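What follows is one structure encoded as structure tokens, with my remarks underneath.
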Amino acid sequence: MYPNLLTTNQAVDPVFMFIFGACLVLLLGITATMLVFVFRYHRSRAPEPTSQSSGNIWLEITWIVLPSILVLAMFYYGWAGYLSLRNVPKNALPVTATARMWSWSFTYANGKTSSKLYVPVGKPILVNLVSLDVLHGFYLPAFRVKRDVVPGMKNHAWFVATKPGSYDLFCSQYCGVGHSAMITSVEALPEPQFAAWLAQSASMAEHPGKELLEKHGCLGCHSLDGSPKIGPTLKGIWGRKVTVMTGGVERSTIVDEPYLRKSLLEPNADVVKGFPPIMPPFGKVLKEDEINQIISFLRSNGVEQSPLDGKKLAREKGCLGCHSLDGSVGAGPTFKGLYNKQVTVMQNGTRLTVTADDAYLSESIRQPKAKIVEGFQPIMPPYPDLKDDEITALVEFIEAVK
Amino acid sequence: MSEQHHIISYGKLISVWLGLLFLTALTVWVSRLDIGVGHVWGSLAIASVKAGLVITFFMHMRYEGRLLRWLLFFALAVLAIFIGFTFFDVLYR
Amino acid sequence: MGSADQPETVASSFWNDTGRSGITSWIFSTDHKRIGLLYFYTVLSFFLIAVSLGVLLRIELMAPGRTIMGPQTYNAMFTVHGVVMIFLFIIPGFPGAFGNLIMPIQIGAQDVSFPRLNLFSWWLYIFGAAIIITSLFTGGGPPDTGWTFYVPFSERTTTNVSLAVFGVFVVGFSSILTGVNFVTTIHRLRAQGMTWGRLPLFVWSIYATAWVQILATPILGITLALIIAERLLGTGLFDPARGGDPLMYQHLFWIYSHPAVYIMILPAMGVISDVIPVFSRKPIFGYKMIAFSSLAIAAAGSLVWGHHMFTSGMSDTAILVFSFLTFVVAIPSAIKVFNWVSTLYRGSISLEAPMLFALSFLLLFSIGGLTGLILGAAATDIHVHDTQFVVGHFHYVIFGGAGFAFFSAMHYWLPKFYGRRYAEKPAVVAWALMFIGFNITYFSMMVLGMKGMPRRYYDYLPEFTALNLTSTIGSWILVSGLILMLVNLFRGLLKGEPVGDNPWGGATLEWSIPSPPPTENFVEEPVVTHGPYDFSGSGIP
Amino acid sequence: MSQPQHKDYAGAKLGMWLFLFTELFLFGGLFLLYATYLARYPQDFARAGKGMHIVFGTINTVILITSSLTAAMAVTAIQRNDRRRVLYLLGGTILCAAIFLFNKYLEWSSEIGRGIYPNSPRLAAGPPGESVFFSLYYLTVGLHGLHVLVGATLLSVVAWRVKKGIIHAGDYVLLENGSLYWHLVDIIWIFIFPLYYLLL
Ligand code: HEA
Ligand code: HEA
Ligand code: CUA
Ligand SMILES: [Cu+2]
């Protein structure tokens, strides 16, 4: 397909051959000479030394100059090969690899994410490396490619798979307990299959939350496009900082789930500054799951979303880097049979036993440091960008792992 | 004790001190000038002269044997290399 | 140690002719020989601890998945293994033990320049070691960062990194003081006639090492202090979120730690340069070149630290420079190897234990060094960096090189201080076991690395099973050899045949004084009239 | 023991110089970081440097230079066997050290009062280079302050020994080494001063 393309293997392997070859010759030469001398001049055969020579300037010059030339050649080939590793072909397909303790996720130009690196055969891939926490290493032994993934730094690597197949992808830079489990693979697919894979994304239905907004007339007072109406616009409301009047006192708060819920049920408890207290309470009108759907819609800022797959999420967010599904103990407790189990946890230095119900599980995900399961280290990172429905999906997924 | 010890007169020490004070004033004055990056090199140059004075007279280097001078030079050169070589990375990244 | 190990039959020697007795006559002694033995035994104890950890690491890796420990334990274990081996065994080992025991005698001095400082160094070492050991059992548990303490991980982990790092800091300070002491001693206390051209090569190598200790160790000190500051004060100097750069940590760390590998190997090369001529009864070939190449390695070796960072995202220019310089350092090592081999030519070679260890050093160090070339070349390092190949490389140079030289030195010099010697046959058997076991263990690791198995992996894919198992079995052979060697050596030192003043026929000064030496080393100040390898002048049969 | 306790004067001084090298390299690591971060954040460094108390810096420079003078004069004085004067001069050095540290204390309190200290919310909110600058500033100056403290203690011990007559015109290597150490502390400051107070 790209006959003239230099692959990373072609850049590196000859250098290996050359240096290994030279070293082997040297090593065998030195060993053989040594053994011959030891044998020939062993005290049993040579009771007295037959020479007291203490040097020979020409010999020494020879073995300064020759090795110098040799190592310079090694240096040169090594450097030349390295340059090809750095020269990214122009037509390379960009993919972003995100590393975190202890999992990989790959993002393609069209926004698709995956926990394995799918690539088309024969096309160079440019991997942009992003770390969310500590150092990791992006290592593809099959392609002789390695680059550290450094937080705050834009590193990249490129490679091309010439044959379809599955290749190991390791984390090479030590990054903590899950380091050796931070393994995934490169899946090289023939071009058409890859294109199909890339295009395939779950077809998205209209979000049920939006229908509810229409149905209950919310959109009469609130816009979805940022324009002001009687009430504040709902565009970008999630996470927004608002100033509200609570019982006549001014305070500022962040829009989150409890806030939205309260805004629907008792709209006049917190009134956004600059707006009249005229919104009716919806407590009698909306059912619990409808409220959840509305909140989930607002949370997604009106962007349509596919229903969440907890298992996929758990893999992508790296939960499975620490939590197993088969009962084995990793860096964190296993998810298997966790739901409704009695767990012993440490909270602020006191030991207590709790039931792993929905509330506990979502707290464990939101604030991992709040309750630490006995026998584990407080290393689970917080996930500030996990949205509520994602957490719900995760909890549901955990519930399902029996 | 076998070695000879040079005694530096108070007068000389005080003149070195005056020199150091003058250089301090100079470096503060230079820092007010508007010469851009020149400041870095200017103030470092003045600081080096000051350090040189301290080493030469206060620390008696002027009256020491060759060995110590060489060693000092060597140590400073190594430090300069440590810092300098790091710039092969920092400057070209 | 203590007076229990003291050979009973010796007359007046440094074992018994001091005023004090009991343990305080040791731990407060300023005699370089006693301090040397103190170092020797403490260093050896740490070696045995770390070696046991190494064996446990291998057992864990025997099969994929969990074998005997969990990942957190494994990570802590290789960290402690590395830290203890590097900072408590091999770096203080040569200068502290043999540098102290031998160097002053070889230059014809009664002691080092600052004997009290010397004792203080040992105490600092013990103090630092105690802190490191304490850090394993307190706080958040043993550190799990690897011996390199890379940020940002070392700043985030909840294990007891700060304390361990502080311990290493203290040990580093001890190493600095030893270096200062030795450079001064070699400049000031050489006996009459002991010109620079007549210094034994071991002294030359200790001299070069001492310079590295002086100039590189402070950088480690400040680097470790910065880790502590980052953890405790949150200075953010290496934290990208606050403008820091994690790579600057790596620069600082390797500015010390690459030269540090020469702290490990240079004295070892010195031992080899002393042992090979004696057992060949022939002057060393190219004395000047070997002496000079020690300095050259120390100097050029300070300029190559970047070769540990080829994949880190360092600039390509820096890779060019550091890769080039890495190859430059290989040249002085090559000179030494060729000169050692040439020394054998037309000699009269006797294969006793010290010589066997020395010759196997040649082989193992060459393998280790040549694999270093693979690592030094930019293209090939990319593939093998952070894999088992690197682990193989450095065990070849450190254990196969420095370690085997240490064993050679133990067999060669310890009889001098005990007046008794080990039995030859078991020593040879032990050597053979170790040599074979060593190659099985570490060669397998190099192959694993070529196939792509990363290092610091608690678990691995099934395709790596066979070689890992081989390596583990090799480590057991190695263990049996080591145990046999130590048992035989110490039995011999305590109960073995007495040796004369000069059992091997050496020409350096330590063989001209009684075994064990008297406290003041030389009854009258020696006047040196011939070179260190001039076997014709020393009246040997 | 037959070993005559003869003093190796040149050896002691060589040893001291070697030790000073190691101190230099200890600070060298911080200077290395300074240099590289200056290359990366020149603007931020300039802005941060403007916020420093140049008056404190200058006064402290003068104080340290003067303390160095008295330390150097103390060596001359002991060579001339003028022990009383040695004590006065060393006293002067130690006094300078105390004033220096006191000034430092005032300066730091004022900065901390303004919300400038490692990991402070103010620095966290500001540009990254500024946070790096001040972290380095606190570390370098803190380490230097520690050395001032150690140096002053050392010189006090020396002064005490001079008083006891252990150090005298015939054997004063301890005094000389103590003052060498003090000069090193001074030299380090001579570089810290322009780097943190005057640059850009
Ligand atoms: C005793 C310790 C020691 C010694 C002596 C050496 C010696 C050398 N080392 Fe090694 N090295 C380590 C200990 C040591 N190393 C350690 C501990 C690490 C890992 C650190 C970590 O990450 O944990 C490491 C890692 C390491 C790396 C980084 C690898 C990576 O992480 O990617 C590199 C890269 O260049 C390297 C290169 C070399 C070279 C070129 C030499 C040269 O000095 C070797 C010179 C010797 C020879 C060349 C052989 C003898 C000569 C001949 C047989 C004659 C013929 C030779 C020629 C013609 C050239 N070493
Ligand atoms: C002086 C240096 C030195 C020495 C001698 C050794 C010796 C050994 N090391 Fe080494 N090792 C390091 C320095 C050293 N190591 C360093 C610096 C690292 C890197 C750490 C890091 O990544 O941060 C490392 C990492 C390292 C790893 C890699 C871990 C990983 O990346 O996953 C492994 C794995 O096999 C290993 C194994 C061994 C073994 C089997 C030995 C064997 O040679 C041990 C041989 C054993 C014997 C000969 C047994 C003797 C036993 C006894 C005498 C029994 C007495 C015991 C009791 C009474 C309880 N070491
Ligand atoms: Cu991520 Cu190792
Ligand atoms: Cu190195």
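Below, read A as the first sequence line, B as the second, and so on, with proteins coming before strands; counting in each chain starts at 1. Every value quoted in this text rests on a predicted model; they were computed, and no experiment measured them.
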| query | What orientation do Trp70(B) and Phe73(B) show, parallel under 30°, tilted 30 to 60°, or perpendicular over 60°? | reply | perpendicular
| task | Using non-hydrogen atoms and a 4.5 Å limit, figure out which bit of Thr27(B) sits close to chain D: side chain, backbone, both or neither. | result | both
| said: Heavy-atom cut-off 4.5 Å, strictly under: side chain, backbone, both or neither for Phe193(D) against chain B? | reply: side chain
| said: Looking only at side-chain N and O atoms, does Gln79(D) offer a donor or acceptor that is under 3.5 Å from a partner on Tyr172(D)? | reply: yes
| task | Select one option (side chain, backbone, both, neither) describing which atoms of Phe57(B) are under 4.5 Å from chain D's heavy atoms. | result | neither
| Which bit of Val28(B) comes within less than 4.5 Å of chain D, counting heavy atoms only: side chain, backbone, both or neither? | both
| request: Heavy-atom distances under 4.5 Å only: say whether Phe87(B) touches chain D with side chain, backbone, both or neither. | output: side chain
| Looking only at side chains, do Glu130(D) and Tyr41(D) share a donor and an acceptor under 3.5 Å apart? | no
| With a distance cut-off below 6.0 Å to the six-membered ring centre and an angular limit of 45° from the axis, does Arg80(D) pair with Tyr10(B) as a cation-pi contact? | yes
| said: Can you tell me which portion of Thr61(D) sits under 4.5 Å from chain B's heavy atoms? Options are side chain, backbone, both or neither. | reply: side chain
| message | Hydrogens and angles aside, do Tyr196(D) and Thr140(D) bring a side-chain donor and acceptor to less than 3.5 Å of each other? | response | yes
| request: Provide the closest heavy-atom pair for Phe25(D) versus Leu79(B) in the form atom of the first, atom of the second, distance. | output: CZ-N, 3.7 Å
| field | Per-residue contact mode, Ile65(D) against chain B (heavy atom under 4.5 angstrom) | value | both
| remark: Only residue of Phe191(D), Tyr137(D), Phe134(D), Phe45(D) satisfying ring-ring contact (aromatic ring centres under 6.0 Å, His included) with Tyr34(D) is Phe45(D)
| query | Where on Leu20(D) is there a heavy atom nearer than 4.5 Å to chain B: the side chain, the backbone, both, or neither? | reply | side chain
| query | Does any heavy atom of chain D fall under 4.5 Å from the side chain of Leu72(B), the backbone, both, or neither of them? | reply | both
| said: Testing the 3.5 Å rule here: is there a donor-acceptor pair between the side chains of Ser67(D) and Trp182(D)? | reply: yes
| said: Please rank Leu20(B), Leu91(B), Leu76(B) by heavy-atom pairs under 4.5 Å with chain D and give me the top one. | reply: Leu20(B)
| request: Could you check which of Ala77(D), Gly29(D), Gly57(D) has the highest count of heavy-atom pairs closer than 4.5 Å to chain B? | output: Ala77(D)
